[in-house]
Structure formats: C-alpha cells, structure tokens
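Sequential numbering from 1 along the given sequence is applied to the chain's residues.
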Amino acid sequence: MTESIINALVHLFAIIESAKEDSGIVDSSELIIKPYLKKNLNNDSLTSEYINLFHDYLKFYKKTPTYDNEVVNIDSTSILQIAKICNQLNKELLRSERLIVFMQLMELINADEKIVQKEEEFASLVALNFNLDQNDVNNLKAFVLQPDFKGLDKNQLLTIDNKQTEWPEEMAWIIRKRKKKETEEKHLYVENLFGKISVLHLVSVEAYVFRYDGPLNLYLEGAKVIPKKAYILKPGSIIKGPNIESIYESEIIRQFIHKKSNTRVVIAGEELEFKFKSGNNGIKPFSFSEDSGHLIGIMGGSGTGK
C-alpha cells in the first residue's frame, strides 16, 4: 500500500474511533489497527509511526466541541472528511479491498462489544461513499457485530464443525444420500473440530470471510487465528489445527458452488460392465452413485477396457 492510502485509512479509523464512548477498557489501536498495519506494512518502525498518527488524529476529533443537539448526529466536519477520504480510497483501492477496509471498521466498532448509534451512522456513511453492495454490507455487519448473525442471509453462510449431519462416505454405498432441503444451511463436517468456523460469502466480489468460535489453536497460513476475529480467505489458503484435517479454501468454495443450482445433478450407474468380443470380462459388474462436484474414477490394469 502507498503512503497516501495508509494515511487515509488511519485518518478514517480515527474518525470512527472518535465516536466511541470513553471506557478505558479496550485499546482499539492495539487490538485492531496495529495488527492491520503490521500485516500491510510489514515494518515495525512504520507501524509505530502510523499508530502515533492515529492517536494524533483521534485527539483532534475527540476535542472537537459537541453540542447537546449533536450528541447523536454526525457533525458536518466528519461527514465531509469521510466523503473526502473515501473518494481518495475509491480511486486507489479495488472494491474487494474496500470491503476489507469496511470489515476492519466493523471490528473497530465492535472492539469494546458496545455499539452506539453514532458508530452505526459512521459505518453507513462509509459504506455509502465506498459504493459497496448493500447486501454484502448488511451481511458483513451481522457477521462481525451480531453474535447470532441476526439479519444475515443464511444462504451465504457456511458452518464448519464436528457435528454429523449426513451419512459418512463409507455408508453412502449402502444408504442412498438424501436430498437436502433448499432452506437448510450449508455445512461442512470436520472431525475433532471443537467449536465452529463460520464462513460468509461476499457475493459482489466473490470473496470469503471466516471467523472461529472455539477453544482450539487454529492457524491460517502459519499465523494463529484469534477467536471471533474475521479473516479473509485468500486463494489457496489453508486452515490448520491440532488433530483435524486441513481445511482448504477450495473445499470451502465448493460448498457454495455446489448449492448455487436449484437442480440436483447426480451421476449414477447400475451394474455396469464391459466384455471383449471374445466374451471375456474386461470390467466386472459394478454400481455407483454420486452428487455433482465429486470426482469418480475407474481403476484397473492396462487393457481391461476402462
């Protein structure tokens, strides 16, 4: 990121943070902003400089006089500043990157687990100036701010845990899989995964965000996953943890693609065989049935008629 982008982001973070009520319990700069800057700058010295700049901006907006009739409403100075900053970022950031920034702002708002009306107004103003898809904005708000995801479009949500919701693969040959109802939530079973991973699909930018609620030490690309914190799943990402199979980004995406079609596609074969003209069996009778999205292979020696 360029210096102008980082400066604009720090400025925007400070305006949002200024709407918080002083509690002294949570240091948002350490919890949200510092990790974000460290990840994007990869330079401790620069990170410290921008953290200091953040506090300078914050002092400025905190000392701005607020009149009784402006306790809730956003002052005109903040409205103009947000519009100006967002306009600059619109020119330099892709829409997917702006959504990530918006997600960071939501986490900043939720750092003290207390949301005031002015913070919500700031968030709505940023989303409007960022020209973000309203459905993704609403889903992202519910995903970050609501413990129960109230108001989130469940069609765009995947739950990953250790709860068995369908017959395991080894039983599929004996008991034919049942068709799931279209209203059922998406689910992925991972053995020994205590707690749950929730994945949100951001449709407008084809991006995926996840958060983990549970006791395990999970890792994303070698970095420890902080419970309840939202993370973007980059292409090729892998979530790892103790005694669980690795969870690949491609497998997560497949759960959403698999559900896009209202028509269930199944490939099935009953008593399939192949005989050579001589009458000898090349492939002995076999049967199979599998939903779309899976690979099916016939294995055998060369020349058997596969």
For Leu193 and Ile247, which heavy atoms make the closest approach, and how far apart are they? CD2-CD1, 4.4 Å
Cut-off 3.5 Å, side chains only: do Asn131 and Arg95 have a donor facing an acceptor? no
Take atom CD of Glu245 as the centre, draw a 6.0 Å sphere, and report whether it contains more than 12 heavy atoms from other residues, nucleotides or ligands. no
By the ring-ring contact (aromatic ring centres under 6.0 Å, His included) test, which pairs, at least two apart or in different chains, include something from residues 85-110? none
Indicate yes or no: at least one non-hydrogen side-chain atom of Asn129 is less than 4.5 angstrom from one of Asn87. no
Using side-chain heavy atoms (C-beta onward) and a distance below 4.5 Å, is Ser204 in contact with Asn135? no
Only one of Glu119, Glu120, Glu121 passes side-chain hydrogen bond (donor to acceptor under 3.5 Å, both in side chains) with Gln117; say which it is. Glu121
Mark yes when over 12 heavy atoms from residues, nucleotides or ligands other than Lys229 sit less than 6.0 Å from its NZ; otherwise mark no. yes
Taking the side chain as every heavy atom from C-beta outward, state whether Asn162 and Ile244 have any atom pair closer than 4.5 Å. no
Can Phe288 be reached from Ile298 by stepping across I, L, V, M, F, W or Y side chains whose heavy atoms are under 4.5 Å apart? yes
Do Val209 and Val144 touch side chain to side chain, with heavy atoms closer than 4.5 Å? no
I want to know whether Phe143 and His201 have ring centres closer than 6.0 Å. no
Can you tell if the side chain of Tyr57 reaches within under 4.5 Å of the side chain of Asn7, non-hydrogen atoms only? yes
